[in-house]
Amino acid sequence: MQFAKYHGLGNDFLVVDLRGGGREPSPDEVRALCDRRFGVGGDGVLTVLSDDGADARMRVLNADGSEAEMCGNGIRCVAKHLYDGGLRKDVLHIATGAGVLACGIEAANGRVERVSVEMGRPRLLRGEIPMTGPPDERCIEEPFDDLRVTAVSMGNPHAIAFVAETGAALRARAERVGPRLETHPAFPRKTNVELAHVHDDGTIELVVWERACGITLACGTGACATATAACLTGRAALGADLTVRLLGGPLTIRVASDLSGVRMTGPATLAFTGAV
């Protein structure tokens, strides 16, 4: 099996291009490939498939072999893989479990450096996330143990809490509460967990406990969900470019003034290619 290893701010993936044929790896194979000591190592496997309604389709296979609906860092990597591989379009349309998303390409010397992804409408109702409770109501700063949680779906579920900690203390708290909140019965499909701190300059410092992965250096959908939650709770302005600083580096997020969409802009990097 041929693969290309990419990362978006340290959130790393094996991209397996199957547009020319071949089978997708099984859950056992995904776990073996993503093992950082006995395999290639990665936060997941992204398979690239042909799609009649888009330039390509992306499936997101987590490191534990489960499937996720969407991956913001992953789609930037797939967009780079497609463009650098010869699909030279200013905007690439990639089908995902969250719908077909438009990826604007910023290239230099024929290689992608940054990708701006129109991530679609943030889903704010409990029935859309999904989570328990009245399906047509929002979850805004609802008490969960010692946190106040806002729930947002970007095609996959996120539980966001704004806290006082920064730096190492922020990560340590995310490591403590992430496993508990990920599997909370309020979230029937589990949830990604974001702990965030808004600094005086408006920068959002973010640590993500990713569903089925644990702490990750970056999470594109998590950054989008957190920026949306910051706007909903009065901590940030709609329609403005917001800097979300993850463990692996910053993403630029803009939440539309009418909440009709979220744009994510960030880098994608090829680490190496190989065969296994």
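The first residue in the sequence is number 1, and the count goes up from there. Note that these values count all heavy atoms, side chains included, but never hydrogens, waters or copies made by symmetry.
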Does [X] reach the side chain of [Y], with side-chain heavy atoms less than 4.5 Å apart?
{"X": "L61", "Y": "L46", "value": "no"}
{"X": "I215", "Y": "L247", "value": "yes"}
{"X": "L101", "Y": "T96", "value": "yes"}
{"X": "F3", "Y": "V276", "value": "yes"}
{"X": "E113", "Y": "K80", "value": "no"}
{"X": "I94", "Y": "C103", "value": "yes"}
{"X": "L195", "Y": "L206", "value": "no"}
{"X": "V45", "Y": "P25", "value": "yes"}

Look at D55 together with K89 and state whether they make a salt bridge at an N to O cut-off of under 4.0 Å.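 Looking at D55 and K89, the cut-off is met.
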Does the distance from a Lys or Arg side-chain N to an Asp or Glu carboxylate O, for R36 and D43, drop under 4.0 Å?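 Looking at R36 and D43, the cut-off is met.
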Main-chain N/O of [Y] paired with [X] side-chain donor or acceptor, under 3.5 Å:
{"X": "T203", "Y": "H199", "answer": "no"}
{"X": "R211", "Y": "R189", "answer": "yes"}
{"X": "N73", "Y": "A218", "answer": "yes"}
{"X": "E128", "Y": "L125", "answer": "yes"}
{"X": "D35", "Y": "F38", "answer": "yes"}
{"X": "R76", "Y": "G220", "answer": "no"}
{"X": "N192", "Y": "H158", "answer": "no"}

Might you work through the side-chain contact (heavy atoms from CB on, under 4.5 Å) test for N62 and E67, ending with a clear yes or no? CA-CA 6 Å; N62 293 319; E67 183 171 2; over 6 Å; no
Under a 3.5 Å cutoff, is there a donor and acceptor pairing between the side chains of [X] and [Y]?
{"X": "D28", "Y": "S26", "result": "no"}
{"X": "T191", "Y": "E182", "result": "no"}
{"X": "S116", "Y": "T265", "result": "yes"}
{"X": "E205", "Y": "H197", "result": "no"}

Which atoms form the tightest heavy-atom contact between [X] and [Y], and what is the distance?
{"X": "L238", "Y": "C231", "result": "CD2-CB, 3.6 Å"}
{"X": "V48", "Y": "A56", "result": "CG1-CB, 3.9 Å"}
{"X": "I129", "Y": "P157", "result": "O-CB, 3.5 Å"}
{"X": "P250", "Y": "L9", "result": "O-CD1, 3.4 Å"}
{"X": "L242", "Y": "A236", "result": "CD1-CB, 3.8 Å"}
{"X": "C71", "Y": "F13", "result": "SG-CZ, 3.4 Å"}

Nearest 0.5 angstrom please: [X] [atom1] to [Y] [atom2], how far?
{"X": "R19", "Y": "S50", "atom1": "CZ", "atom2": "OG", "value": "7.0 Å"}
{"X": "L124", "Y": "L232", "atom1": "CG", "atom2": "CG", "value": "5.5 Å"}
{"X": "F187", "Y": "F144", "atom1": "CZ", "atom2": "CZ", "value": "4.5 Å"}
{"X": "R59", "Y": "E69", "atom1": "CZ", "atom2": "CD", "value": "12.0 Å"}
{"X": "M58", "Y": "L49", "atom1": "CE", "atom2": "CG", "value": "10.5 Å"}
{"X": "E118", "Y": "S260", "atom1": "CD", "atom2": "OG", "value": "9.5 Å"}

Within the supplied structure, the quantity of interest is the number of heavy atoms (other residues, nucleotides, ligands) at a distance under 6.0 Å from [X] [atom1]; does it exceed 12?
{"X": "K190", "atom1": "NZ", "answer": "no"}
{"X": "D201", "atom1": "CG", "answer": "yes"}
{"X": "F272", "atom1": "CZ", "answer": "yes"}
{"X": "D136", "atom1": "CG", "answer": "yes"}

Evaluation steps, side-chain contact (heavy atoms from CB on, under 4.5 Å), between M70 and M119: CA-CA 10 Å; M70 174 54 189; M119 298 286 286; 3.8 Å; yes
Applying the side chain to side chain contact (heavy atoms under 4.5 Å, CB included) test to T216, which of V207, N11, D12, L246 qualifies?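 Of the listed residues V207, N11, D12, L246, the side chain to side chain contact (heavy atoms under 4.5 Å, CB included) partner of T216 is N11.
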Would you please test R173 and D146 for side-chain contact (heavy atoms from CB on, under 4.5 Å) and show each step? CA-CA 11 Å; R173 190 171 183 187; D146 59 342; 3.1 Å; yes
Intermediate values then yes/no, side-chain contact (heavy atoms from CB on, under 4.5 Å), L147 and V163: CA-CA 8 Å; L147 299 172; V163 298; 3.9 Å; yes
Same apolar cluster: [X] and [Y], side chain cutoff 4.5 Å:
{"X": "V112", "Y": "L251", "answer": "yes"}
{"X": "V91", "Y": "L82", "answer": "no"}
{"X": "M131", "Y": "I160", "answer": "no"}
{"X": "V255", "Y": "I75", "answer": "yes"}

Tell me whether the centres of the aromatic rings in Y6 and H81 are closer together than 6.0 Å.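 Yes: the rings meet the under 6.0 Å criterion.
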What residues form a side-chain hydrogen bond (donor to acceptor under 3.5 Å, both in side chains) with D51, not counting sequence neighbours?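 Testing D51 for side-chain hydrogen bond (donor to acceptor under 3.5 Å, both in side chains), a comparison that skips the adjacent residues, returns none.
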Could you tell me if R88 sits above the aromatic ring of Y83, with its cationic atom closer than 6.0 Å to the ring centre and no more than 45 degrees from the axis?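 Yes, a cation-pi geometry holds between R88 and Y83.
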Which residue pairs satisfy the side-chain hydrogen bond (donor to acceptor under 3.5 Å, both in side chains) criterion with at least one member in residues 229-251, sequence neighbours excluded?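 For residues 229-251, and leaving out neighbouring residues, the side-chain hydrogen bond (donor to acceptor under 3.5 Å, both in side chains) pairs sorted by first residue read E141-R235, T233-R235, D241-R254.
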